[in-house]
Amino acid sequence: MSLRQYMSAAAVAFRNVLLGGNLGAWRMVRRPRQLAEFASETRFLQRTFADRRGVPQRNVWDVIGGERTTSITLAHEHYWPWFGTIATYATDLVNLCVLCHLLRPTTVFEIGTAGGLTALHFALNSAADARIFTLDMPLDSGVVPALRTTLIDGWHIRGSAQAGGRHVFDDRPEADRIECLYGDSATFDFSPWRGAVDLFFIDGAHSYEYVRSDTARALECVRPGGVVAWHDFGRVGVNGVSRAVLELARAGREVYAVPGGSVAFMVAR
């Protein structure tokens with residue numbers, strides 16, 4: 001690269017950092033939720049590009065093995081919020097579908113149902129006889145979480161309440177293989193699934209306390225060779241996820257993060 005090309009690239013980088021990461025954000029000052037999401041995503045991408053998330057970045061097929069050419073099924077009529085304005089969520093959903101295709105799980109357990117889009121995609125991309133169990137907080141607004149939650153968790157809970165408990169899979173044939181469970185994951189009885197889960201996906205409350213608790217339950221339930229996966233790893237503002245996952249990695253677990261996305265995962269040994 002010539003000096004002129006280097007200076008040009010540096011000028012573009014400086015302009016984009018100044019306007020895109022800082023001054024440009026003030027245009028959203030009257031929309032605090034959008035501003036918070038923008039700031040979080042900007043810092044997430046910075047950490048991802050700099051490869052500073054604390055665990056190796058690996059595609060799921062490089063870790064799990066299996067076919068190099070993978071066909072996955074996407075429910076394109078139900079895309080929000082995973083296929084929205086932030087492309088990293090689409091990367092996450094695709095990687096989860098590929099993970100199912102490679103594992104061919106017969107038992108999937110998910111914490112954090114929300115609108116049911118991930119549960120639907122687990123059913124679409126797992127074995128034909130797979131059972132998907134998905135756990136969420138009861139819609140009763142009087143239920144108080146046993147552990148600390150984050151501001152974003154409050155947004156999710158209110159969104160689920162506004163949806164009236166409806167899920168995107170309710171009127172689809174896959175609903176026969178998806179069982180909705182209700183309860184607080186910190187106090188829920190996981191004993192029927194102990195050692196029997198092929199894929200355990202954690203996407204419930206994002207505080208460190210909840211993610212640590214959910215991870216302990218997942219490690220009890222997942223079978224050897226099965227996979228535990230977390231959503232929102234590396235995101236700022238929900239960094240309880242990162243703290244709990246990095247704590248596990250420092251304890252000697254081989255944890256990876258998908259490139260360009262916020263899914264972290266590990267194979268149980």
Side-chain angles (χ1 to χ4, degrees), residues 59-61 63-67 69-84 88-139 156 159-160 163-183 185 188-190 192-204 214 217-218 221-223 225-232 258 261-268:
N59 288 300
V60 294
W61 50 83
V63 176
I64 306 301
E67 302 175 39
T69 302
T70 303
S71 297
I72 62 173
T73 301
L74 296 173
H76 56 82
E77 72 273 31
H78 296 297
Y79 62 88
W80 183 258
W82 293 79
F83 286 90
T88 52
Y89 285 96
T91 299
D92 292 338
L93 187 60
V94 168
N95 273 275
L96 290 173
C97 290
V98 173
L99 188 57
C100 281
H101 181 86
L102 296 175
L103 284 175
R104 304 306 290 169
T106 57
T107 302
V108 178
F109 201 107
E110 171 188 52
I111 296 179
T113 312
L117 192 64
T118 47
L120 171 60
H121 281 84
F122 289 146
L124 288 169
N125 292 279
S126 299
D129 59 346
R131 296 287 300 169
I132 316 299
F133 300 93
T134 180
L135 174 67
D136 217 348
M137 288 288 286
L139 291 180
H156 290 169
S160 296
R166 293 285 299 168
H167 303 111
V168 297
F169 52 75
D170 285 343
D171 299 320
R172 296 180 58 112
E174 291 81 13
D176 293 338
R177 297 190 286 120
I178 301 173
E179 182 174 343
C180 293
L181 306 169
Y182 294 96
S185 64
F188 185 79
D189 180 14
F190 288 90
W193 294 273
R194 187 166 292 134
V197 175
D198 302 301
L199 172 61
F200 200 113
F201 181 52
I202 299 172
D203 192 21
D214 293 345
R217 304 300 187 276
C221 292
V222 72
R223 64 166 177 79
V227 168
V228 178
W230 300 261
H231 192 234
D232 290 318
V258 301
S262 69
V263 168
F265 65 101
M266 59 158 283
V267 179

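Throughout, numbering of the chain's residues begins at 1 and tracks the sequence.
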Engineer: With rounding to the nearest 0.5 Å, note down the distance linking CZ in F133 to SG in C180.
Structural biologist: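 That separation rounds to 11.5 Å.
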Engineer: Tell me every residue that passes side-chain hydrogen bond (donor to acceptor under 3.5 Å, both in side chains) with D176, counting only those two or more places apart in sequence or in another chain.
Structural biologist: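 D176 satisfies side-chain hydrogen bond (donor to acceptor under 3.5 Å, both in side chains) with no residue once adjacent residues are dropped.
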Engineer: Considering only heavy atoms from C-beta outward, does the side chain of C97 approach that of L74 to under 4.5 Å?
Structural biologist: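 A side-chain contact under 4.5 Å exists here.
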Engineer: Apply the test side-chain contact (heavy atoms from CB on, under 4.5 Å) to residues V267 and V63: give CA-CA distance (whole Å), side-chain angles for both, the deciding distance (0.1 Å), then the verdict.
Structural biologist: CA-CA 8 Å; V267 179; V63 176; 4.1 Å; yes
Engineer: Report the residues that fulfil side-chain contact (heavy atoms from CB on, under 4.5 Å) with T91, sequence neighbours left out, ordered by chain and then residue number.
Structural biologist: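 With sequence neighbours excluded, T91 shows a side-chain contact (heavy atoms from CB on, under 4.5 Å) to N95, given in chain and number order.
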Engineer: Looking only at heavy atoms, which two atoms of R172 and A75 are closest? And how far apart?
Structural biologist: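 Here R172 and A75 meet closest at NH1-CB, 4.1 Å.
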Engineer: For C100, is there any backbone N or O sitting under 3.5 Å from a side-chain donor or acceptor partner on N125?
Structural biologist: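 Checked: no pair found.
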Engineer: side-chain contact (heavy atoms from CB on, under 4.5 Å), that's the test. Do L135 and S185 meet it? Break it down for me.
Structural biologist: CA-CA 7 Å; L135 174 67; S185 64; 3.9 Å; yes
Engineer: Can you list every salt bridge (Lys or Arg N to Asp or Glu O under 4.0 Å) pair that touches residues 88-100, not counting sequence neighbours?
Structural biologist: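 Output for this query lists D92-R235.
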Engineer: Go through the structure and list residues passing side-chain hydrogen bond (donor to acceptor under 3.5 Å, both in side chains) with T106, not counting sequence neighbours.
Structural biologist: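 Testing T106 for side-chain hydrogen bond (donor to acceptor under 3.5 Å, both in side chains), a comparison that skips the adjacent residues, returns D198.
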Engineer: V222 vs V227, test: side-chain contact (heavy atoms from CB on, under 4.5 Å). Steps then yes/no.
Structural biologist: CA-CA 7 Å; V222 72; V227 168; 5.8 Å; no
Engineer: Measuring from L99:CG to I72:CD1, what's the distance to the nearest 0.5 Å?
Structural biologist: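 One gets 11.5 Å once the value is rounded to the nearest 0.5 Å.
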Engineer: Working to the nearest 0.5 Å, report the span between CG of L117 and CG of L93.
Structural biologist: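 Spacing of CG (L117) from CG (L93) equals 5.5 Å.
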Engineer: To check you understand the geometry: which heavy-atom pair defines the closest contact between A128 and R177, and what is its length?
Structural biologist: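 Here A128 and R177 meet closest at O-CD, 3.3 Å.
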Engineer: Rounded to the nearest 0.5 Å, what separation is found between the CZ atom of R104 and the CG atom of L199?
Structural biologist: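 Here the rounded value is 12.5 Å.
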Engineer: Under the side-chain hydrogen bond (donor to acceptor under 3.5 Å, both in side chains) test, which residues partner D203, sequence neighbours left out?
Structural biologist: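 Partners of D203 by the side-chain hydrogen bond (donor to acceptor under 3.5 Å, both in side chains) criterion, ordered by chain and then number, come out as H231.
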Engineer: Considering residues at least two apart in sequence or located in another chain, which fulfil the side-chain contact (heavy atoms from CB on, under 4.5 Å) criterion with D171?
Structural biologist: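 Result, side-chain contact (heavy atoms from CB on, under 4.5 Å) vs D171: R166.
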Engineer: So, using ring pair (Phe, Tyr, Trp, His ring centres under 6.0 Å) as the criterion, who are the partners of F265 when residues are at least two apart?
Structural biologist: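 Y256.
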Engineer: To the closest 0.5 Å, what do you measure between CG (L120) and CG (D170)?
Structural biologist: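 Reported to 0.5 Å precision, the distance equals 10.0 Å.
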Engineer: Could you tell me which residues satisfy side-chain hydrogen bond (donor to acceptor under 3.5 Å, both in side chains) with D189, sequence neighbours excluded, listed by chain and number?
Structural biologist: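 side-chain hydrogen bond (donor to acceptor under 3.5 Å, both in side chains) check on D189 returns S191.
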Engineer: Could you report the tightest heavy-atom contact between E174 and L124, atom names first, then the distance?
Structural biologist: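 Taking E174 first and L124 second, the nearest heavy atoms are OE2-CD2, 3.2 Å.
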Engineer: Where do V228 and A218 come nearest, in terms of heavy atoms and distance?
Structural biologist: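 Smallest interatomic distance, heavy atoms only, reads CG1-CB, 4.0 Å.
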Engineer: Ring pair (Phe, Tyr, Trp, His ring centres under 6.0 Å) with H167: which residues, sequence neighbours excluded?
Structural biologist: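 Partners of H167 under the ring pair (Phe, Tyr, Trp, His ring centres under 6.0 Å) test: F169.
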Engineer: Is there any side-chain hydrogen bond (donor to acceptor under 3.5 Å, both in side chains) pair reaching into residues 111-120, and which pairs are they, with sequence neighbours excluded?
Structural biologist: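 Residue pairs with at least one partner in residues 111-120: E110-T118, T113-T134.
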Engineer: For S71, is there any backbone N or O sitting under 3.5 Å from a side-chain donor or acceptor partner on H101?
Structural biologist: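 Checking the backbone N and O of S71 against the side chain of H101, a donor-acceptor pair under 3.5 Å is found.
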Engineer: Tell me, please, which residues at least two apart from F190 pass ring pair (Phe, Tyr, Trp, His ring centres under 6.0 Å).
Structural biologist: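 Partners of F190 under the ring pair (Phe, Tyr, Trp, His ring centres under 6.0 Å) test: F109, F188.
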Engineer: Looking at CH2 of W230 and CD1 of I111, how far apart are the two atoms once the value is rounded to the nearest 0.5 Å?
Structural biologist: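 That separation rounds to 11.5 Å.
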Engineer: Give me the atom names and distance for the closest heavy-atom approach of A130 to P105.
Structural biologist: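 Looking at all heavy atoms of both residues, the closest pair is CB-O, 3.3 Å.
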Engineer: Considering only residues two or more places apart or on different chains, which pairs with a residue in residues 114-133 satisfy salt bridge (Lys or Arg N to Asp or Glu O under 4.0 Å)?
Structural biologist: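 Qualifying pairs, neighbours excluded: R131-E179.
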Engineer: At their closest point, which heavy atom of G225 faces which heavy atom of L103, and how far apart are they?
Structural biologist: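 Of all heavy-atom pairs spanning G225 and L103, the closest is O-CD2, 4.2 Å.
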